[in-house]
Amino acid sequence: MCESRPILEPLDSLDAIRGWSEDLDLANCCGVPLAPSTRAERDPKLLVCHDMKGGYLDDKYSQGVVGVSETPYSIYHWHLIDTFVYFSHHLVTLPPCGWIDVAHRNGTKVLGTFITEWHQGAEICRKLLSNPTTWTAVAHQMARMMAYYGFDGWLVNIENKIEPEHTRFLLEFIALLRKECKALVPHSEVHWYDSVCRNGHLNHQNALTVENKPYFDASDAIFLNYHWKADMIPGTRALADARRTDVYVGIDAFGRGTFGGGGWTCDIALKEICAAGFSVALFAPGWVWETQDTAAFAANNLKFWKQFDEHITPRVLLSLPFFTSLTVPHGSEYYTRGQPEKMDALCVSTPTNSCWYNLGLQDVLPGLMFLESQSNPIYLTRAAKCALPSSATLDAATVFNGSSSLRLSITPNDVSAVEDDVELKVAHRLFKVNWSLQKPLVVRVTVTQEEEMPLERAICLVLTDAVKGLRYLDLHLTHSVNVASGDVTATVRDAQAAKKLHAKFGLMPSPATAIHAMRMGLFPSSSTTTASTTRSATQADRTTISATKTWVTHTFVIADHELQGAAICEVRSTLRLSNDSKADVVSGTTLECFIGELSAFRPSTLRCITAPKVENLQASELKATRADDGSTSQPGVWQAFLGWLPLPSVYRYNVFINSKWHTTTTKTFYQLHDIALPEPSVQSVTVHIQPMFVTGDIASLEECTSITVTIPKPQPRVVTSAAAE
C-alpha cells in the first residue's frame with residue numbers, strides 16, 4: 001500500500017479541536033451533496049453505527065488504495081439506511097470522505113462521533129464544561145469541521161461520570177452544537193447516546209426515561225443502549241410521544257447482551273422495535289466481515305441484511321439528474337467504456353492477487369433487487385415462474401464503467417410445453433423513486449447488445465397517479481443498433497411532432513406510444529467499445545461460453561401530455577421470451593444480458609451536451625468555454641457538460657464553484673448539472689477542479705494538473721424556421 005496518499009486522522013484533545021483550521025485539506029473533503037430522499041413520516045428509520053477494529057483502516061485513504069488482498073468491507077444496502085455514524089474511540093472521529101460520498105449519493109446522512117471515556121474522558125469533560133468559553137469554542141469548531149468535510153452532524157457519547165454542577169453546561173453544549181451545525185447545514189443532526197444521566201452518573205438506561213430525556217430534548221435523536229428488555233418498550237413509547245421515530249433502539253450485531261442475540265437473529269429485536277414504532281440503531285454490521293469467512297462475504301452479507309429488508313421500508317430517491325454505473329467500491333480492474341484502466345500508479349508494488357478499494361467510487365446500487373421475497377422477481381403467472389428461473393446480480397466480469405455491472409439472466413425450463421397464451425416474462429425490481437412526468441424526462445440505458453439472443457429486454461417504469469392508479473411503461477432495449485456507424489435507427493410517427501421535439505430537445509422521436517426515443521451507437525467505428533469475457537462452463541447453475549460484448553446506449557425521451565399527471569414510482573428490468581422464440585431455446589442453457597449504466601434527467605440538460613473549446617491544453621491551468629448557446633431549465637441555474645478532455649486518467653475530482661466546494665464527479669469526464677449561481681446578475685461562473693484519485697503514469701498528486709473552467713452566462717436559444725425544418 002502507498003502511505004504517501006492523503007489520509008484522514010481523528011483528533012484526540014481539546015487543544016487539537018480548538019487549533020483546527022480549514023487548512024486546504026481538500027483531499028479529505030466530501031465531494032457529493034446529500035441526495036434528497038424520503039420515507040413515510042411514521043416509518044421506522046435505520047441508523048448504522050460503523051465500528052470496525054478501531055476505525056481508520058483502508059477506508060482512511062481518501063483517494064482509495066491498491067493492494068488490498070482480502071475482500072474489503074462495504075455496504076450495499078444504503079436504500080434502507082437513513083443515517084450512518086462513523087465510530088471510533090478517539091475524542092473526535094471525522095468520517096472519511098469515501099463513506100460520505102457513497103452515503104450522500106444514496107441519500108444517507110453521515111455523522112461523526114464525539115466520545116469521552118474512562119478517567120481521561122472525565123478529565124476532558126471537566127476542562128470542557130468548567131468554562132463556557134471552552135465549550136462554546138469547541139461547539140463552534142465541531143460545526144465548522146462538519147461543514148468543511150461535508151458530513152451531516154454528530155453522535156455525542158459521554159461514557160464517564162460528569163460533575164453534577166456541570167450537567168447543565170453539558171445540556172447547553174449539546175443545544176449549542178445543534179444550533180451551530182444547523183446554522184451551517186440546515187439538515188444536520190446531533191444525536192445523543194444513552195449514557196450519563198441528568199445527575200451526571202454514568203448509568204445506561206436502555207430506554208427513554210426521565211433520567212436521559214433532558215438530553216433527548218436538547219438533541220435531534222437518542223441512540224438507546226443495547227441491553228433493553230421487552231417490558232421497557234411501553235414506558236419509552238409513552239415518554240417519546242410524537243417523537244417516537246427519533247428514538248433509535250440499539251441492536252449490537254456482536255450480541256453482547258442485545259435483545260435477541262444479534263448476528264443472524266437481529267430480526268428478533270427488529271420485530272419488537274418496529275412493532276412499537278421506534279427507529280433502529282444497528283451497531284457494528286461489519287460483524288459479518290469480522291467473524292465470518294471473508295471469501296463468502298457477499299453471500300453472508302445478503303443473508304444478514306435480509307433480516308432488515310423484511311422490517312425497514314426502502315427510502316424513495318427523489319433527485320434528478322439520476323446516474324449510476326452500478327459500480328461497487330472495489331475490484332481487480334477498473335473499466336472505462338469497457339476497457340480496463342491501470343490502477344497501481346501511486347503504489348510501490350501491487351500483488352498479483354490484490355484489488356483496489358475506494359468507497360467514494362461506489363454508485364447507487366439497485367437495492368430492491370436484494371429483496372428475497374415473492375415480490376422479486378415478479379412473474380405474471382405460476383407457469384412463467386416455473387419456466388423462467390431468473391436472477392439479477394452484480395457482475396465483475398463484464399463491465400462498462402467502474403468495477404461491476406448488473407447481470408440479468410434466465411435459465412429456461414421446458415418452455416415449449418407452456419401454452420401460447422401464457423406470457424413468459426419476468427421483472428426485477430431495481431430502484432424506488434419519485435420522478436414527476438409533469439415535464440419531459442430523459443431515460444438513458446447502456447446495455448450489451450446481443451444480436452442473436454431470443455430474449456427481449458426492457459426497462460419498465462411503474463407509473464402512478466391519483467386518477468389512473470398504476471400503469472407500466474416498457475422502454476424496449478432489443479432493437480438493433482448499427483454500432484459500427486453510430487446510425488440512429490428511430491422512425492418518425494408524426495412529422496410535425498418530430499420537428500417540434502427536435503427543435504426543443506435536439507432528439508428524434510420513435511413511434512412508440514407515449515415515448516419519444518432515440519437509439520444510437522455509443523461510439524463511432526474508430527472507437528467501438530467491446531469487452532471480451534470468458535466464463536467457465538463448469539460453474540454452478542450457469543452454462544455460457546466465451547463471448548464478445550458490445551455496449552450500446554439507448555436514449556428515451558418521455559414527453560406526452562397524457563402522462564403529465566403521473567410520476568415514476570419504481571424502476572424495473574424485464575426479460576421476455578416471445579412465443580416465436582420458444583423453439584430456439586434449449587432448456588438449462590442460461591441466457592444473460594448486462595446493464596452498464598442507467599440515468600434519468602430533464603431534457604433541458606441536453607442543450608448543453610457539447611464538447612468545450614479548449615485552450616492552453618499543456619498549461620498548468622486548462623481553460624474551457626462552452627461552445628453552445630443552449631437555454632437553461634430555470635432562471636439562475638446553468639448546465640454544463642465538459643466533454644472528454646485528453647488528460648491523464650483521473651478518477652476523482654473535488655469541484656469548487658466560485659471558490660466554494662460544490663460537488664465531485666467520477667471517472668475521466670467532468671459533468672456538471674444545475675450549477676446554482678449566487679445571484680442572477682453574475683455573468684460567468686468559475687469552476688476549479690482538483691484531481692483527487694490519480695492513475696496512469698502520474699507519480700504523485702503534485703504532478704497532476706488542476707483545471708479551471710470558465711462558463712459564460714448562456715443566452716436564450718432562438719430556434720429559427722430553418723432550424724425547425
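Heads up: numbering here begins at 1 and tracks the sequence.
The minimum heavy-atom distance between Leu184 and Ala143, with the atom names listed, is CD1-O, 3.5 Å. When all heavy atoms are compared, the tightest approach of Pro33 to His104 is O-CB, 3.5 Å. Contact between Arg237 and Ala276 at its shortest, heavy atoms only, is NH1-O, 3.5 Å. Contact detail for Glu180 and Ala139: the closest heavy-atom pair is CB-O, 4.2 Å. When every heavy atom of Phe431 is checked against every heavy atom of Leu368, the shortest pair comes out as C-CD1, 3.6 Å. Taking all atoms of both residues into account, the shortest heavy-atom contact from His77 to Leu302 is CE1-CD2, 3.9 Å.
The aromatic rings of Tyr215 and Trp192 sit parallel, their planes meeting at an angle under 30°, below the 60° perpendicular limit. The aromatic rings of Trp305 and Phe308 sit tilted, their planes meeting at an angle between 30° and 60°. Using cut-offs of 30° and 60° on the angle between ring planes, the pair Phe283 and Tyr226 is tilted. Taking the six-membered ring for Trp and thresholds of 30 and 60 degrees, Tyr149 and Phe151 have nearly parallel ring planes, at less than 30 degrees apart.
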Candidate pair Arg315 and Asp43, rule salt bridge (Lys or Arg N to Asp or Glu O under 4.0 Å), full reasoning: CA-CA 10 Å; Arg315 287 177 297 103; Asp43 280 356; over 6 Å; no
Derivation of the side chain to side chain donor-acceptor pair (under 3.5 Å) call for Glu159 and His204: CA-CA 9 Å; Glu159 295 281 356; His204 302 97; 3.0 Å; yes
Worked verdict on Trp20 versus Tyr148 for ring-ring contact (aromatic ring centres under 6.0 Å, His included): CA-CA 11 Å; Trp20 177 87; Tyr148 180 76; 5.8 Å; yes
Step-by-step side chain to side chain contact (heavy atoms under 4.5 Å, CB included) determination, Trp287 to Trp264: CA-CA 10 Å; Trp287 169 86; Trp264 303 123; 3.6 Å; yes
Val138 and Phe173: CA distance, side-chain angles, deciding distance, side chain to side chain contact (heavy atoms under 4.5 Å, CB included) verdict: CA-CA 9 Å; Val138 169; Phe173 168 68; 4.0 Å; yes
Criterion side chain to side chain contact (heavy atoms under 4.5 Å, CB included) on Val196 and Lys161, from CA distance to verdict: CA-CA 7 Å; Val196 297; Lys161 183 180 178 180; over 6 Å; no
Residues Ile162, Leu129; criterion side chain to side chain contact (heavy atoms under 4.5 Å, CB included); working and verdict: CA-CA 9 Å; Ile162 297 291; Leu129 302 174; 4.2 Å; yes
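The distance between the ring centers of Tyr61 and Tyr357 does not fall below 6.0 angstrom. Centroid-to-centroid, the aromatic rings of Phe259 and Trp228 come within less than 6.0 Å.
At distances below 3.5 Å, at least one donor-acceptor pair connects side-chain atoms of Trp356 with backbone N or O atoms of Gly331. In this structure, the side chain of Asn206 engages the main chain of His227 through a donor-acceptor pair within 3.5 Å. Using a distance-only test at 3.5 Å, with no hydrogens or angles considered, a donor-acceptor pair links the side chain of Ser403 to the main chain of His330. Asp363 places no side-chain N or O within donor-acceptor distance of the main-chain N or O of Leu365, the cut-off being under 3.5 Å. When atom types are taken as modelled, the side chain of Ser13 and the backbone of Ala16 share a donor-acceptor pair closer than 3.5 angstrom. Panel note: side chain Asn301, backbone Phe297; no donor-acceptor pair is recorded below 3.5 Å. No donor-acceptor pair closer than 3.5 Å links the side chain of Asn106 to the backbone N or O of Thr108. Side chain of Arg105 to backbone of Gln362: a donor-acceptor contact under 3.5 angstrom is found. Of the possible donor and acceptor atoms, none in the side chain of Thr38 sits under 3.5 Å from a partner among the backbone N and O of Val316.
Side-chain contact, His90 with Asp12: a donor N or O sits under 3.5 Å from an acceptor N or O. A donor-acceptor contact under 3.5 angstrom links the side chains of Asp59 and Tyr86, judged on distance only. No hydrogens or angles considered: a donor-acceptor pair under 3.5 Å links the side chains of Thr93 and Ser88. In the model, Asp152 has no side-chain atom that pairs as donor or acceptor with a side-chain atom of Ser188 under 3.5 Å. For the residue pair Ser279/Arg244, the side-chain donor-acceptor check at 3.5 Å is not satisfied. For the residue pair Tyr193 and Asn225, a side-chain donor N or O sits within less than 3.5 Å of a side-chain acceptor on the partner.
Taking NZ of Lys53 as the start and CD of Glu290 as the end, the distance is 5.5 Å to the nearest 0.5 Å. Note: Asn160 CG to His119 NE2 = 10.0 Å, rounded to the nearest 0.5 Å. Atom CG of Asp241 sits about 13.0 Å away from atom OG1 of Thr236, to the nearest 0.5 Å. Summarising the geometry, atom NE2 belonging to His166 is positioned 10.0 Å from atom SG belonging to Cys125; distances are rounded to the nearest 0.5 Å. One finds the CG atom of Leu11 at 10.0 Å from the CE atom of Met142 (value rounded to the nearest 0.5 Å). In this structure, Asp217 CG and Ile222 CD1 are separated by 9.5 Å, a value rounded to the nearest 0.5 Å.
Considering only residues two or more places apart in sequence or on other chains, Phe84 meets the ring pair (Phe, Tyr, Trp, His ring centres under 6.0 Å) condition with His50, Trp78, Trp99.
Residues Phe114 and Leu155 fail the side-chain proximity criterion, which asks for heavy atoms closer than 4.5 Å. Looking at Ile115 and Leu91, their side chains never come closer than 4.5 Å, going by heavy atoms from C-beta outward. The shortest side-chain heavy-atom distance between Asn203 and Cys197 falls under the 4.5 Å cut-off. The shortest distance between side-chain heavy atoms of Leu171 and Pro214 falls below 4.5 Å. Inter-residue side-chain proximity for Ile17 and Met145 is flagged as met; some heavy-atom pair is nearer than 4.5 Å. Here the side chains of His311 and Asp267 are in contact, with some heavy-atom distance below 4.5 Å. Between Leu270 and Gln307, the closest side-chain pair of non-hydrogen atoms falls below 4.5 Å. When side chains are defined from C-beta on, Tyr73 counts as touching Met52, because their heavy atoms get closer than 4.5 Å.
Ion pairing of Lys306 with Asp309 is absent here, as no side-chain N (NZ or NE/NH1/NH2) approaches a carboxylate O to less than 4.0 Å. At a threshold of 4.0 Å, the pair Glu570-Arg429 counts as salt-bridged, since one of the basic side-chain nitrogens sits closer than that to a carboxylate oxygen.
No option in Lys45, Lys109, Arg39 other than Arg39 meets the salt bridge (charged side-chain N to carboxylate O under 4.0 Å, His left out) test with Asp82. Tested against Thr209, the residues Gln205, Glu211, Lys213 include a single side chain to side chain donor-acceptor pair (under 3.5 Å) partner, Gln205.
Remark: Arg243 is positioned above the aromatic ring of Phe216, its terminal NZ or CZ atom under 6.0 angstrom from the ring centre and at most 45 degrees off the axis.
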